[in-house]
Amino acid sequence: MADTLTVTDNRTGKTYEVPITDGAIRALDLRQVRTGPDDFGLLAYDPAFMNTASTRSAITFIDGDRGVLWYRGYPIEQLAERSTYLEVAYLLIHGELPTEKALADWTWQVTHHTWVHENVKKFMDGFHHDAHPMSMLISAVAALSTFYPDARVNRDAGHRALQVHRLIAKMPTLTAFAYRHTLGRPCVYPDNDLSYAGNFLNMVFRTADAKYAPPPALERALDVLFILHADHEQNCSTNAMRSVASSGVDPYSAVAAAAAALYGPLHGGANEAVLKMLRSIGSPARIPDFIRQVKTGEARLMGFGHRVYKNYDPRARIIKGVADAVFAATQPSPLLPVALELERIALQDDYFVTRKLYPNVDFYSGLIYDAMGFPVEMFPALFAIPRTAGWLAQWLEMLGDPEQKIARPRQVYTGPDRRDFVPMERRA
Ligand code: ACO
């Protein structure tokens with residue numbers, strides 16, 4: 001049995017044999033399918049990349065039908081239970097779990113790049129008091145490229161590693177500074193004695209105390225949420241990261257583009273949308289009416305459905321456990337009964353069952369962030385912080401991939417045929 005695909009072009013009667021490697025054909029192999037010398041060749045038309053692999057990647061594996069997620073081969077459940085975010089970030093970037101010494105070096109590097117130039121505070125001050133923290137974060141991370149212009153020219157491994165340390169270290173600082181600006185409170189500087197998640201809680205929540213002690217349950221919960229959000233193969237924002245960075249731009253600009261993609265309500269903005277949806281439903285009694293609206297297309301059940309998972313999102317299962325731990329340490333969210341009942345009804349309803357719509361990672365994460373004291377506007381930024389490790393792992397992989405070039409899709413032109421310019425007085 002040959003690993004090939006035989007294609008017959010019924011326009012010409014010609015037959016072509018195309019190799020199949022790892023379950024894929026190369027779209028460029030279709031170019032030979034032509035009706036004549038003037039024909040450009042057959043294109044694969046795939047709006048929204050529904051069936052197109054844009055890269056070979058060794059970072060993250062998802063089996064959407066079985067609800068499986070691995071980082072570098074390690075199941076997400078094991079990492080969430082036994083690892084820390086910084087260890088997982090190392091794994092994503094370097095491909096292997098760190099030794100004790102490697103983890104200590106990595107943690108030291110990330111911890112000692114958390115400070116940002118004082119001028120960052122000045123331009124943060126220029127934003128309106130009610131500016132969305134994610135908009136501020138996107139702008140601030142883009143602005144980091146002005147502080148590190150060397151990142152545009154230096155491409156060796158040492159410089160890349162430096163940008164990786166800086167970006168993973170500074171995303172929490174920028175996010176916390178943006179948040180404090182919306183409150184009109186002074187920025188809190190990083191505390192190098194604290195863990196990655198603990199320091200972030202410190203920069204966000206510390207008030208008059210000289211030293212902030214993060215509540216252990218919240219610190220661990222946030223770290224697990226960071227692990228769950230660290231990478232997710234070729235999603236919308238990762239595709240933006242790779243596509244923008246393929247032009248050779250510096251990683252700060254590319255991370256800003258990726259963060260901008262993440263901001264949308266169909267992607268990283270979904271947990272914000274979930275909380276707003278739960279608040280608008282208000283009580284379990286109003287769920288049937290809401291479900292009716294979803295079925296008639298007037299509303300969308302946010303936090304449900306996924307382009308890849310056609311089964312329970314494995315991250316959603318882990319998140320339910322995290323939610324229990326956080327609610328035990330805080331006030332149980334009054335919206336929890338609405339969420340639980342909504343999930344119960346949706347999982348039985350034919351509309352959702354036949355479309356294989358299951359809760360995704362965002363269905364419960366918003367409730368947890370809410371219980372921790374984060375306002376909804378912070379949710380997309382809480383996603384961008386951990387996803388930075390994934391974006392950077394994908395960036396490094398792309399730079400080392402000899403098959404990659406500047407990303408530049410083709411199109412099927414549907415506009416008018418060639419026509420001559422019409423002077424103003426003759427236009428209808
Ligand atoms: N509520 C109601 N109906 C839905 C939902 C939903 N949440 N999601 C999909 N559907 C329906 C669609 O209307 C469509 O129905 P149809 O066949 O009758 O037209 C069918 O299910 C297939 O949906 P598509 O939109 O084609 O699926 P796609 O893969 O393009 O979309 C997406 C995936 C964007 C995640 C979608 O499920 C959605 O909008 N969900 C809500 C937003 C959300 O939770 N996003 C977070 C995703 S996870 C993340 O980014 C971290």
Side-chain angles (χ1 to χ4, degrees), residues 46-52 60 62-65 67-69 71 76 80 134 224-241 258-278 280-281 287-320 322 339 342-369 376 378-391 394:
D46 190 9
F49 305 118
M50 297 291 286
N51 196 41
T52 294
T60 292
I62 302 175
D63 181 334
D65 291 328
V68 164
L69 170 61
Y71 295 158
I76 193 68
M134 189 64 172
V224 173
L225 286 166
F226 281 177
I227 292 172
L228 300 183
H229 286 88
D231 195 52
H232 213 227
E233 53 118 304
Q234 307 310 312
N235 54 86
C236 177
S237 57
T238 302
N239 184 55
M241 177 79 195
L262 189 70
Y263 192 10
L266 297 186
H267 190 12
N271 51 8
E272 180 174 357
V274 169
L275 212 74
K276 287 182 175 157
M277 171 190 78
L278 293 174
S280 77
I281 297 172
I287 291 174
D289 191 43
F290 177 74
I291 295 277
R292 187 196 50 74
Q293 288 176 26
V294 171
K295 290 187 194 173
T296 55
E298 295 158 69
R300 187 156 269 243
L301 178 46
M302 301 310 287
F304 260 66
H306 199 276
R307 172 62 58 80
V308 178
Y309 293 119
K310 301 303 169 195
N311 197 325
Y312 223 101
D313 180 337
R315 301 168 300 173
R317 280 192 209 283
I318 301 167
I319 274 189
K320 272 182 116 170
V322 175
L342 194 53
E343 180 186 356
R344 193 188 66 76
I345 293 180
L347 288 178
Q348 293 174 357
D349 192 296
D350 222 35
Y351 177 93
F352 300 95
V353 173
T354 52
R355 288 170 177 78
K356 298 189 175 168
L357 299 172
Y358 291 88
N360 60 47
V361 67
D362 286 322
F363 193 67
Y364 286 102
S365 63
L367 284 176
I368 301 174
Y369 292 140
V376 287
M378 279 288 277
F379 294 179
L382 289 164
F383 192 158
I385 291 171
R387 184 54 61 86
T388 301
W391 291 331
Q394 304 272 349

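Both ligands and their constituent atoms are indexed starting at 1 by order of listing. A quick note: this is a predicted structure, and the numbers were derived from the prediction, not measured. Residue numbers count from 1 along this sequence.
Distance CZ/F379 to CG/L275: 5.0 Å, rounded to 0.5 Å. Once rounded to the nearest 0.5 Å, the distance linking OG1 of T52 with CE of M50 reads 10.5 Å. T388 OG1 to F226 CZ: the interatomic distance, rounded to the nearest 0.5 Å, is 9.5 Å. Atom-to-atom distance recorded for D65:CG and Y309:OH is 11.5 Å, nearest 0.5 angstrom. In this structure, CD1 on I368 lies 5.0 Å from CG on L225, to the nearest 0.5 angstrom.
Between K310 and ligand 1, no N or O atom pair is found at a separation short of 3.5 Å.
Residue contacts with ligand 1 for F363 are absent, since no atom lies close enough (heavy atoms, distance under 4.0 Å). Proximity of N235 to ligand 1, defined as any heavy-atom pair under 4.0 Å, is not found for any part of the residue. Both the backbone and the side chain of L266 come within contact range of ligand 1, each with a heavy atom under 4.0 Å. Contact annotation for D313 and ligand 1: no heavy atom of the residue comes within less than 4.0 Å of the ligand.
Protein heavy atoms are absent from the 4.0 Å sphere centred on atom 23 (O) of ligand 1. For atom 10 (N) of ligand 1, a protein non-hydrogen atom is found at a distance below 4.0 Å. By the definition of a contact as any protein heavy atom under 4.0 Å away, atom 19 (O) of ligand 1 is not in contact. By the definition of a contact as any protein heavy atom under 4.0 Å away, atom 32 (C) of ligand 1 is not in contact. Atom 26 (O) of ligand 1 lies below 4.0 Å from none of the non-hydrogen atoms of the protein.
Taking the side chain as every heavy atom from C-beta outward, D231 and Q394 approach each other to under 4.5 Å. Looking at heavy atoms from C-beta onward, Y351 lies out of side-chain contact with I291 at the 4.5 angstrom threshold. A 4.5 Å side-chain heavy-atom check between N235 and R307 finds every atom pair outside the cut-off.
Between the side chain of D63 and the backbone N or O of V68, no donor-acceptor pair lies under 3.5 Å. The backbone N or O of A230 sits less than 3.5 Å from a side-chain atom of Y71, completing a donor-acceptor pair.
Less than 4.0 angstrom separates some heavy atom of V361 from each of these atoms of ligand 1: 51 (C). Proximity to Y351 (heavy-atom distance under 4.0 Å) selects the following atoms of ligand 1: 2 (C), 3 (N), 11 (C), 13 (O). Taking every non-hydrogen atom of L301 and a distance limit under 4.0 Å, the qualifying atoms of ligand 1 come out as 1 (N), 2 (C), 6 (C), 7 (N). Under a 4.0 Å criterion applied to the non-hydrogen atoms of F383, ligand 1 contributes the atoms 51 (C). Close approach of ligand 1 to R307 (heavy-atom distance below 4.0 Å) involves ligand atoms 28 (P), 29 (O), 30 (O), 33 (C). For ligand 1, the atoms sitting less than 4.0 Å from at least one non-hydrogen atom of A270 are 43 (C), 44 (O), 45 (N), 46 (C), numbered in the order shown with element in parentheses.
The 12-atom threshold is not exceeded at CZ of F49, counting heavy atoms of other residues, nucleotides or ligands nearer than 6.0 Å.
Comparing R387, R355, H306, R315 against atom 15 (O) of ligand 1, the shortest heavy-atom distance belongs to R355.
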